[in-house]
Amino acid sequence: MKKVYSKIESITGSVITVKAEGVRYGDLAEVDTVFGTSLAEVNRLENDIVSLQVFAGGRGISTGDTVRFLGHPMEVSFSENLMGRVFSGSGSPRDKGPALTENLITIGGPSVNPAMRIIPRSMIRTGIPMIDLFNTLVVSQKLPIFSVSGEPYNELLARIAMQAEVDVIILGGMGLKYDDYLFFKDTLEEGGALSRTVMFVHTASDPTVECLMIPDMSLAVAEQFALQGKDVLVLLTDMTNFADAMKEISIIQEQVPSNRGYPGDLYSQLASRYEKAVDFETAGSITILGVTTMPGDDVTHPVPDNTGYITEGQYYLKNGRIEPFGSLSRLKQQVNGKTRADHRALMDGMIKLYSAYKDTLEKKAMGFIMTAWDDKLLKYGDLFEKQMMDLSVNIPLEKALDLGWEIMASCFSPEETGLRTELISKFWPKKD
Amino acid sequence: MIDTKGTVVAVNGNMVSVRFDGAVSMNEVGYVKVGGKKLKSEVIRIRGDISQLQVFEITKGITVGDEVEYSGDMLAVEVGPGLLGQVYDGLQNPLPQLAAQTGSFLERGVYLDALPTDKEWAFTPVAKVGDKVERADTLGTVPEAAFTHRIMVPFGLYGTYTISSIKSAGSYKIRDTIAELKDEKGNIVPVALSFRWPVKRPVDCYEERLKPVDPMVTRVRLIDTFFPVARGGTYCIPGPFGAGKTVLQQITSRHADVDIVILAACGERAGEVVETLKEFPELTDPRTGRSLMERTIIICNTSSMPVAAREASVYTAVTLAEYYRQMGLHVLLLADSTSRWAQAMREMSGRLEEIPGEEAFPAYLESTIASFYERAGLVRLKDGSLGSVTVGGTVSPAGGNFEEPVTQATLKVVGAFHGLSRERSDARKYPAIHPLDSWSKYKGIIPAEKVAYAHGFMRRGSEVEQMMKVVGEEGTSLDDYVVYLKGDFLDSVYFQQNSFDAVDAAVSPERQAYTFGIILKILASKFTFDDKNEARSWFNKLRQKFLDYNGSEWKSERFASLEKEIESTVAERSKGVDKAAEKVLA
């Protein structure tokens with residue numbers, strides 16, 4: 001029973017209203033316009049007035065166009081055939097492949113019962129010391145990369161994707177520059193990862209509403225792979241674009257805006273996506289790495305701020321490096337107690353000293369005389385930045401730990417490090 | 001019960017507008033019938049014949065014309081034996097049982113009994129037929145974990161009743177009638193082991209509310225010694241994300257010196273919640289030797305659960321806390337995080353299209369926060385015993401800015417403030433409670449003048465540090481420099497605590513007092529050094545020994561020998577004690 005309505009009552013931006021009955025909240029409709037057919041989603045009901053968000057946007061829609069309700073919410077096809085394919089925010093192919101219609105699954109499904117979750121327990125090795133040693137990435141973790149525009153965040157994302165040991169990679173691109181989309185495609189192709197990758201891409205020139213579908217489609221597909229026992233890494237870039245799309249739509253719909261014009265449910269909206277990260281006891285897992293660009297490098301901006309409270313840590317990308325301050329993996333303690341006895345102590349000890357180095361740097365900049373201690377710190381900070389922080393360093397964790405001790409021993413005496421004696425006697429490099 | 005029916009006329013997010021016929025009360029629970037399921041919701045506004053309900057579930061699939069059933073009851077929890085050890089969502093749905101029924105995902109519209117209905121409890125009556133009783137009076141007891149659970153006259157039975165029958169000692173299920181009460185008009189009211197209480201109404205069946213005085217020991221040195229919390233008091237832990245709120249809460253939940261701990265996660269990360277969920281049953285309560293879970297209730301709402309359920313969760317938690325307080329027990333409620341809860345309020349207010357207040361929070365934000373914290377308290381019950389609810393709430397202000405409305409509203413009503421700082425957590429100084437910004441109005445485990453003396457070094461040390469930033473180390477006198485080193489020493493070996501070290505993670509009040517005595521002596525000592533380099537390296541040496549000492553088992557051989565080493569290291573340089581400190585040291 002697909003009723004067709006051909007009287008559109010109002011058109012505001014990408015939101016149209018029609019008079020219709022028996023329509024369910026969240027259902028899909030098709031709108032036929034002279035430019036073709038677009039999907040639309042019911043996002044408000046008031047008596048017989050139904051508001052719909054038209055995926056292709058409102059431009060060119062006529063009050064005489066027809067609206068056909070499909071009687072089901074947004075769905076995406078799921079099968080092995082997805083591998084290596086690229087889709088748009090409305091689920092249609094971006095590549096030259098065929099449209100997929102088999103085994104449709106509803107997107108934006110319910111959360112996992114916390115009682116059914118298992119404690120995250122496996123480390124994802126990346127070969128990047130600032131991650132492996134200092135802020136270990138853990139299976140099922142949800143982590144954003146906080147970054148200013150212009151930083152190589154997509155490069156970092158791609159690099160982690162290439163080096164991380166996972167079965168399936170799902171890339172959700174939101175408001176991506178076309179060049180960035182091609183960059184991801186090329187990088188994954190060159191690295192031989194394209195065949196285990198599914199891409200859902202909304203580019204900056206596509207209709208705003210389609211942007212909103214990207215995370216849900218990516219995560220619904222990821223969930224199915226995870227339930228089949230696969231370890232899935234979902235890359236979402238850029239979540240700030242996603243939030244901005246939400247802002248745009250909610251303001252058009254005359255919702256009372258909350259902080260800086262974002263909708264009041266920004267936190268809930270972001271959370272329901274990030275919370276899809278999970279490690280199933282008897283199946284696979286979903287790990288989410290997202291990019292959150294910070295307008296004006298402002299971490300108190302609503303998007304990074306809300307994100308920080310949802311995610312299990314964050315990597316701050318600044319001046320092309322992962323900053324030791326502010327970067328955090330909340331789940332690291334689940335795994336770094338099992339790696340090597342010195343991992344935790346070394347991680348904290350080195351950062352404490354790096355923090356002291358920063359103070360010295362400040363003193364130096366103000367022209368104070370450097371003491372012997374200051375000189376040691378300056379030497380240390382320089383070595384730390386070059387040998388640990390540089391993103392091109394690619395070494396296994398154990399090598400990074402050894403390197404940490406080498407750096408400290410070349411600058412300090414053991415008791416200057418603040419590390420416990422038993423660790424020092426075991427790990428302090430012996431001089432011949 | 002009134003049979004009020006309604007039909008949906010509008011849907012907007014998780015709010016539905018319903019035209020009703022009959023009487024509907026504010027905060028009444030209604031069920032929206034959709035696709036063979038009933039979705040729980042709460043009435044949050046009534047205008048004419050339209051009521052607006054916030055649905056506690058995802059609203060997808062609701063249609064104009066769907067039927068709504070009103071329950072006649074406010075949102076309530078069931079209280080009775082069997083609450084301890086449970087893991088609930090904000091609406092008191094037991095999550096593990098839900099998982100057994102619906103699998104990995106949370107299916108909407110499934111509501112289970114909060115308490116096991118088939119479990120038998122060994123009831124012993126303490127009242128007898130003919131006794132006159134009032135609400136909250138004890139009818140009998142059942143053993144629950146390590147506690148004697150009082151079976152009380154339901155709190156909603158106002159007035160005086162006469163016991164007309166009461167069951168003899170034996171095994172009963174929670175819904176079995178264990179007594180019958182006759183009211184003044186002669187009506188008989190059956191009473192079971194459990195009853196319901198509306199979560200948004202404070203439980204007030206006590207004789208008198210008292211001033212909280214006894215410290216609630218958390219085994220975190222910085223808290224117990226410097227910024228203590230009292231049993232029955234309130235405190236808040238604001239801090240930016242990543243400053244260590246969650247770890248601090250976890251430590252407190254394990255070691256706090258109370259009978260029962262209730263953890264309320266209102267919109268938190270599932271990855272962290274699951275840690276608590278899975279670890280607690282494995283941990284042993286040092287006080288009882290039983291599983292820690294047996295004295296814990298977890299109210300768990302992850303950030304992706306519907307906003308209305310999150311809004312309800314703190315009320316569910318505090319109601320359960322008050323219920324156990326009625327038994328003369330000391331209960332700690334940890335709410336993580338109250339900002340998420342306030343945000344849920346903001347979200348609902350936006351949906352209602354209310355005129356927003358500061359930062360778009362509703363105008364009633366302050367009064368709502370105040371009345372929540374006011375549900376804490378130390379009380380004397382009618383039988384003379386004392387019970388308490390201590391409330392500790394974390395606050396997550398944007399960017400760690402304490403000027404924002406939720407932090408400010410909270411600061412007005414709490415007795416202690418543990419402000420976490422980004423600066424300290426960046427430098428890996430944990431717990432990152434800022435020793436200069438934080439405060440407490442409660443009494444701690446160590447006399448106030450001793451604490452003040454030690455704290456003085458922190459303050460002056462920090463002043464010297466600031467000064468050095470202006471005039472440089474070379475422009476600072478050796479004496480000032482030593483004050484700075486002393487402050488830094490106090491910070492590194494006492495304020496900071498290694499939560500991953502088996503010994504250092506939780507320090508008994510006895511050991512705190514003992515160690516504090518040693519530190520006090522060091523702070524009060526007059527040391528002589530040739531220059532700053534020598535002073536610094538000597539303090540480095542002392543710090544090293546003290547850190548090893550902190551990690552050694554209390555009163556072990558290693559502990560004793562390290563203490564000797566510390567003493568002799570101090571003796572090397574000490575030239576007596578500062579005169580002004582003699583009184584403090586005595």
Side-chain angles (χ1 to χ4, degrees), chain A residues 21-26 44-48 73 109-120 140-141 255-256 258-259 264-265 267-268 271-272 275 280 299-300 305 308-310 312-313 325-326 328 330-331 333 337 344 348 351-352 355 362-363 368-369 371-373 415-416 418 420-421, chain B residues 9-13 58-64 87 95-96 98-99 104-108 241-242 267 269-275 277-278 300 302-305 307 343 346-347 350 353 356 359-360 396 398-399 401 426-428 469 472-474 492 500 533 536 540-541 543-544 547-548 551:
Chain A
E21 275 173 5
V23 174
R24 291 180 303 186
Y25 188 72
R44 193 165 185 163
L45 294 171
E46 202 163 357
N47 295 310
D48 60 346
S111 311
V112 171
N113 187 327
M116 286 294 275
R117 285 172 172 267
I118 54 171
I119 300 184
S140 87
Q141 193 159 22
Q255 269 189 39
V256 176
S258 191
N259 252 359
D265 61 354
Y267 180 81
S268 305
S272 65
E275 279 293 344
F280 289 105
V299 74
T300 71
D305 181 56
Y309 286 114
I310 295 164
E312 288 141 351
F325 307 124
L328 166 74
R330 291 172 181 274
L331 301 183
Q333 64 259 34
R344 284 177 173 170
D348 280 338
I351 299 295
K352 268 188 193 179
S355 163
E362 210 173 286
K363 275 161 62 182
F368 293 125
I369 300 168
T371 63
W373 173 241
E415 72 269 11
E416 283 171 338
R420 292 253 174 92
T421 310
Chain B
V9 295
V11 189
N12 180 16
I58 294 166
T59 49
K60 258 190 192 164
I62 298 181
T63 319
V64 168
V87 179
L95 290 171
L98 207 60
S104 287
F105 295 95
L106 291 165
E107 216 174 276
R108 61 183 183 163
F241 54 76
R269 309 170 181 94
E272 279 172 6
V273 173
V274 72
E275 228 180 292
L277 234 67
K278 304 281 168 172
C300 170
T302 59
S303 54
S304 60
M305 289 190 188
V307 62
Q343 219 166 25
R346 174 164 78 182
E347 206 174 313
E353 298 179 348
E359 285 190 22
S396 347
N401 168 25
D426 274 353
R428 303 297 187 268
K469 285 195 177 144
E473 204 173 292
E474 67 274 21
S492 353
F500 293 106
N533 278 336
R536 187 179 39 245
N540 275 343
K541 194 165 83 177
R543 179 183 66 188
Q544 185 74 21
L547 288 176
D548 292 340

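Protein chains get the first letters and strands the later ones, always in sequence-line order, with residue 1 at the start of each.
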Novice: With a 4.5 angstrom heavy-atom cut-off, could you sort out which part of S355(A) is near chain B: side chain, backbone, both or neither?
Specialist: side chain
Novice: Pick whichever of I62(B), N540(B), I58(B) has the most heavy-atom pairs under 4.5 Å with chain A.
Specialist: I62(B)
Novice: Say you draw a straight line from CD1 of I118(A) to NZ of K278(B); how long is it, rounded to the nearest 0.5 Å?
Specialist: 8.0 Å
Novice: Return the CZ to CD distance between R543(B) and E415(A), rounded to the nearest 0.5 Å.
Specialist: 9.5 Å
Novice: Quick check: do L277(B) and R117(A) have side-chain heavy atoms less than 4.5 Å from each other?
Specialist: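 A side-chain contact is absent here, since even the closest heavy-atom pair is not under 4.5 Å.
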Novice: So do the side chains of P114(A) and L95(B) get within less than 4.5 Å of each other, counting heavy atoms only?
Specialist: yes
Novice: Which heavy atom of P356(B) sits nearest a heavy atom of V256(A), and at what distance?
Specialist: CG-CG1, 4.3 Å
Novice: Of the backbone (N, CA, C, O) and the side chain (C-beta and beyond), which part of L328(A) lies under 4.5 Å from a heavy atom of chain B, both, or neither?
Specialist: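 Contact with chain B involves the side chain of L328(A) alone.
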Novice: Looking at E362(A), Q141(A), R330(A), which has the largest count of heavy-atom pairs under 4.5 Å with chain B?
Specialist: R330(A)
Novice: Name the option with the most non-hydrogen atom pairs under 4.5 Å to chain B; the candidates are P110(A), G418(A), G308(A).
Specialist: G308(A)
Novice: Measuring heavy-atom distances to chain B, does E312(A) have an atom under 4.5 Å in its side chain, in its backbone, in both, or in neither?
Specialist: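 Contact with chain B: backbone and side chain both.
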Novice: Using non-hydrogen atoms and a 4.5 Å limit, figure out which bit of V23(A) sits close to chain B: side chain, backbone, both or neither.
Specialist: backbone
Novice: Determine the minimum heavy-atom distance between T63(B) and R24(A), stating which atoms define it.
Specialist: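 Looks like OG1-CG, 2.9 Å.
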Novice: Without swapping roles, check the side chain of Q343(B) against the backbone of Y267(A) for a donor-acceptor pair under 3.5 Å.
Specialist: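 Not a single qualifying donor-acceptor pair exists.
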Novice: Contact between E21(A) and V64(B) at the side-chain level, heavy atoms closer than 4.5 Å - yes or no?
Specialist: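 The answer is no, as the side chains (C-beta and beyond) never meet within the 4.5 Å cut-off.
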Novice: Distance from S258(A) atom OG to E347(B) atom CD, nearest 0.5 Å?
Specialist: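 Output value for this atom pair is 8.5 Å.
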Novice: If only atom types and distance count, is the side chain of Y25(A) paired as donor or acceptor with the main-chain N or O of G13(B) below 3.5 Å?
Specialist: yes
Novice: For I351(A), give me all partners under side-chain contact (heavy atoms from CB on, under 4.5 Å), at least two apart in sequence or on another chain.
Specialist: F134(A), P324(A), F325(A), F384(A), R428(B)
Novice: List the atom of A99(B), the atom of M116(A), and the distance in Å for their closest heavy-atom pair.
Specialist: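 What the structure gives for the nearest pair is CB-CG, 3.3 Å.
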Novice: So do the side chains of S396(B) and D305(A) get within less than 4.5 Å of each other, counting heavy atoms only?
Specialist: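 Counting from C-beta outward, S396(B) and D305(A) never come under 4.5 Å.
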Novice: Which residue out of D48(A), T300(A), L331(A), I119(A) racks up the most heavy-atom pairs below 4.5 Å with chain B?
Specialist: I119(A)
Novice: At their closest point, which heavy atom of V274(B) faces which heavy atom of P120(A), and how far apart are they?
Specialist: CG1-CD, 4.2 Å
Novice: Counting N and O atoms only, with roles assigned by atom type, does the side chain of R420(A) sit under 3.5 Å from a partner on the main chain of L547(B), one being a donor and the other an acceptor?
Specialist: yes
Novice: Pick from A427(B), G472(B), S104(B), P96(B): which one has the most heavy-atom pairs with chain A under 4.5 Å?
Specialist: S104(B)
Novice: Out of curiosity, R344(A) CZ to F500(B) CZ, how far, rounded to the nearest 0.5 Å?
Specialist: 5.0 Å
Novice: For A372(A) and N533(B), work out which heavy atoms get closest and say how close.
Specialist: CB-ND2, 4.3 Å
Novice: Is a side-chain donor or acceptor of D426(B) paired with a backbone partner of G326(A) at a separation under 3.5 angstrom?
Specialist: yes
Novice: Measure distances from K363(A) to the heavy atoms of chain B and classify the residue's part below 4.5 Å as side chain, backbone, both or neither.
Specialist: side chain
Novice: Tell me the closest heavy-atom pair linking K469(B) and F368(A), and the distance in Å.
Specialist: O-CE1, 3.1 Å
Novice: Where on T371(A) is there a heavy atom nearer than 4.5 Å to chain B: the side chain, the backbone, both, or neither?
Specialist: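 For T371(A), the side chain is the part near chain B, not the backbone.
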